[in-house]
Amino acid sequence: MAKIVIIFDFDRTLIDGDSDRGVVTEMGLTEIFHQLRFTLPWNRLMDRMMMEIQSQGRSIDDIECCLKKMPIDSHIIEAIKSAKSLGCDLKIVSDANQFFIEKILEQHDLLDCFSEIYTNPTSLDENGNLRILPYHSDALSPHSCNLCPSNLCKGLVMDHIRASSPNDQIPRRFIYLGDGGGDFCPTLKLRECDFVMPRTNYPLWKKISDNALLIKAEVKEWSSAEELQRILLQLPAMSSLLKVREKLLSPLVSSTIRRLSSSLSYSREDSRDSEVLIHPSAVVHPNAVIGKGVSVGPFCTVGSSVKLGNGCKLYPSSHVFGNTELGESCVLMTGAVVGDELPGYTFIGCNNIIGHHAVVGVKCQDLKYRHGDECFLCIGNNNEIREFCSIHRSSKPSDKTVIGDNNLIMGSCHIAHDCKIGDRNIFANNTLLAGHVVVQDNTHTAGATVVHQFCHIGSFAFIGGGSVVSQDVPKYMMVTGERAELRGLNLEGLRRNGFTMSELKSLRAAYRKIFMSTETVPLSLEERLTKMEQDQELYSVPAVSAMLQSIRDSFTESRRGICKFRQWLDSTA
């Protein structure tokens, strides 16, 4: 029996995100990160970010607290523990760093599951600052591989792992799971008996698709944590281990493992069971993946690359096309159209409602879009998208249209290409967002609102009905007017969202000092912001500092500035 070695990449594979970017964002270093992004190699850039954290008075404990917040999907945790229990040798090969990986694994009680972690080492300097070092030497040419960054060649690591095989004459089979371009080099080292599991529509998957003749290992792609768990534990090599394990364990434990295996054995062939209801007039492609309890009504269409999660319901004459995935318990009302036969994908999370005749995930209305380019749309969970809405994919392969969780998007709204929408927003009827608009969390628009392209709408903002927003709306503020103007703070919205009376009082005082100044010598907005930041009592209130930062961010390069304002002394701010 061959020994199984499972090698995980870390970012966007073991965790569904980027640990480096997560720390940068949590520590408020996004602006300087983007300033330096293309001036330094990634490894040196992150080392520089650690120094910036120290310069802001933060410590390694603050970084550790940030890392502890990063989640790992329960399906990934179960897959790791199941593979470990079957006797697999688990390793990590990642271009993250030792401190980040170990702290995240410790938080989820997974560190002991891995025999080795190959990554960029970390250390503390004489001042207690976290430093990130390259895995390979800082020499001018630390390795000869032209596929990998200078700090880490994963292919060389794969050679080292294979060469370190114990002298027990037991053959080893490798399973490699990854997503990034740096995972292509070790993939080329795999043999016919091995497996590679690339994440669908990520760089590794694309490189494998473009260079299929170079790949010797069997390719098993995955797109979600649940799918990763299912596919990994169903690989022939893993199934063999499972059978051996069952013979060695007691009958009680063996029956438990069999039940686990059967719960993971869902496939296209057994998806058309008695729980799936497909009307005879519906057109469902045989290659579509249909979950349990799915209902497909009359005259519906389900394309060949579509995946419908458990419990999805398609009402009559609704259609799903292209590379589109719907999570569990999604509902498509009559006439809804989701997805398009375009390169790229449309991903929709769980418990979403797509209203009557809504059109979601189709080609953008941007003349700069080039035919054949990949374009993407990602929608989170628990969103209600009402009748006749239109939501478009991105206009270029390097971007995505993104909508978060728990949003209410009322009838006839439009969300254009490359928009970024946060969580718990309410868009009233006929709200129209042009391309590249960013809307943060907990905002509320009244009916017939129009937002110009590239504008940013801050969290907890309110936009009055019929407004045309052509510049940014900072956090917590209320705007209205044919050409929207600031009309004070969104006090009612802030109260409803749990802001305390003390916070509201501080925000009102700060707003008055910035936008309703009574200075005898007029000051510019920049001077008023600076003066406000020097007010230690007000600036120490997190809500106030967040509002000031939101205003300042609107005047950075490529941003549009904030909406106009009037210095009305009788304002209700």
Side-chain angles (χ1 to χ4, degrees), residues 1-16 72-96 101-102 104-105 108-119 154-166 168 170-180 182-200 202 204-205 208 215-245 257 260-261 264:
M1 177 67 63
K3 186 175 182 61
I4 306 301
V5 180
I6 305 177
I7 300 176
F8 289 84
D9 182 27
F10 191 70
D11 292 324
R12 298 190 181 90
T13 296
L14 199 149
I15 65 171
D16 190 17
I72 299 179
D73 191 283
S74 60
H75 294 95
I76 300 290
I77 295 175
E78 291 172 9
I80 290 171
K81 292 185 176 181
S82 296
K84 181 68 174 177
S85 70
L86 291 172
C88 298
D89 183 12
L90 276 59
K91 304 178 187 293
I92 290 175
V93 180
S94 168
D95 201 8
I101 293 174
E102 289 183 353
I104 293 174
L105 293 178
H108 298 278
D109 196 27
L110 293 176
L111 184 58
D112 291 340
C113 293
F114 294 91
S115 63
E116 293 177 296
I117 299 175
Y118 297 88
T119 187
K154 293 186 178 183
L156 288 180
V157 173
M158 175 63 78
D159 288 339
H160 170 75
I161 294 173
R162 196 181 291 278
S164 63
S165 176
D168 54 10
I170 299 178
R172 297 198 295 175
R173 301 180 70 178
F174 287 84
I175 302 172
Y176 191 98
L177 297 95
D179 65 276
D183 296 310
F184 184 63
C185 183
T187 296
L188 296 176
K189 308 282 186 176
L190 299 174
R191 301 170 180 173
E192 289 83 354
C193 61
D194 300 328
F195 296 89
V196 58
M197 291 181 58
R199 188 169 183 177
T200 308
Y202 278 70
L204 174 60
W205 178 86
I208 290 175
I215 308 302
K216 297 178 181 178
E218 186 172 346
V219 180
K220 296 287 187 179
E221 61 190 61
W222 59 277
S223 60
S224 66
E226 183 176 4
E227 194 172 22
L228 181 151
Q229 180 194 27
R230 174 174 60 81
I231 293 174
L232 176 63
L233 297 183
Q234 284 185 330
L235 292 177
M238 300 294 286
S239 298
S240 299
L241 285 179
L242 185 61
K243 292 177 182 178
V244 172
R245 188 72 167 174
I257 293 179
L260 172 62
S261 179
L264 295 171

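Not measured: the values here are computed from a predicted model.
- Within the 4.5 Å cutoff, no side-chain heavy atoms of E221 are placed close to those of I208.
- Taken to the nearest 0.5 Å, the CG atom of L90 stands 11.0 Å off from the CD1 atom of I4.
- Summarising the geometry, atom CG belonging to D179 is positioned 13.0 Å from atom OG belonging to S223; distances are rounded to the nearest 0.5 Å.
- Between C185 and G155, the shortest heavy-atom contact is SG-CA, 3.5 Å.
- If you check the side chains of Y176 and D183, you find a donor sitting under 3.5 Å from an acceptor.
- Listed by chain and number, the residues in a side-chain hydrogen bond (donor to acceptor under 3.5 Å, both in side chains) with H75 are D73 (sequence neighbours excluded).
- Residues A217 and L190 come closest through the heavy atom pair CB-CB, 3.6 Å.
- With contacts defined as side-chain heavy-atom distances shorter than 4.5 Å, the pair L105/I117 qualifies.
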Side chain to side chain contact (heavy atoms under 4.5 Å, CB included) between F184 and V196, intermediate numbers included | CA-CA 10 Å; F184 184 63; V196 58; over 6 Å; no
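- Across every non-hydrogen atom of K154 and G182, the tightest pair is CD-O, 3.6 Å.
- The CE atom of M197 sits 12.0 Å away from the OG1 atom of T187 when rounded to the nearest 0.5 Å.
- Side-chain contact check for L110 versus K81: some heavy-atom pair is nearer than 4.5 Å.
- Residues D159 and K189 have side chains in contact (heavy-atom distance under 4.5 Å, counting atoms from C-beta outward).
- When side chains are defined from C-beta on, L233 counts as touching S82, because their heavy atoms get closer than 4.5 Å.
- With a 4.5 Å cut-off on side-chain heavy atoms, I80 and L14 count as touching.
- Looking at R173 and F195, their side chains come closer than 4.5 Å, going by heavy atoms from C-beta outward.
- The shortest non-hydrogen separation linking F10 to S94 is CB-OG, 3.4 Å.
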Can M158 and V93 be said to form a side chain to side chain contact (heavy atoms under 4.5 Å, CB included), step by step?
-> CA-CA 9 Å; M158 175 63 78; V93 180; over 6 Å; no
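- With hydrogens and angles disregarded, no donor-acceptor distance shorter than 3.5 Å links the side chain of T119 to the backbone of D95.
- Residues Y118 and H160 approach most closely at OH-CD2, 3.4 Å, considering heavy atoms.
- Within the model, atoms CZ of R162 and CZ of R191 stand 4.0 Å from one another, a figure rounded to the nearest 0.5 Å.
- Atom CD1 in I6 sits 5.0 Å away from atom CG in L232 (nearest 0.5 Å).
- Separation of atoms CD (E226) and CD (E78) is listed at 9.5 Å; rounding is to 0.5 Å.
- Residues R199 and T13 form no side-chain contact, since every pair of their non-hydrogen atoms from C-beta on lies 4.5 Å or further apart.
- Residues D194 and F174 share a closest heavy-atom pair of OD1-N, 2.8 Å.
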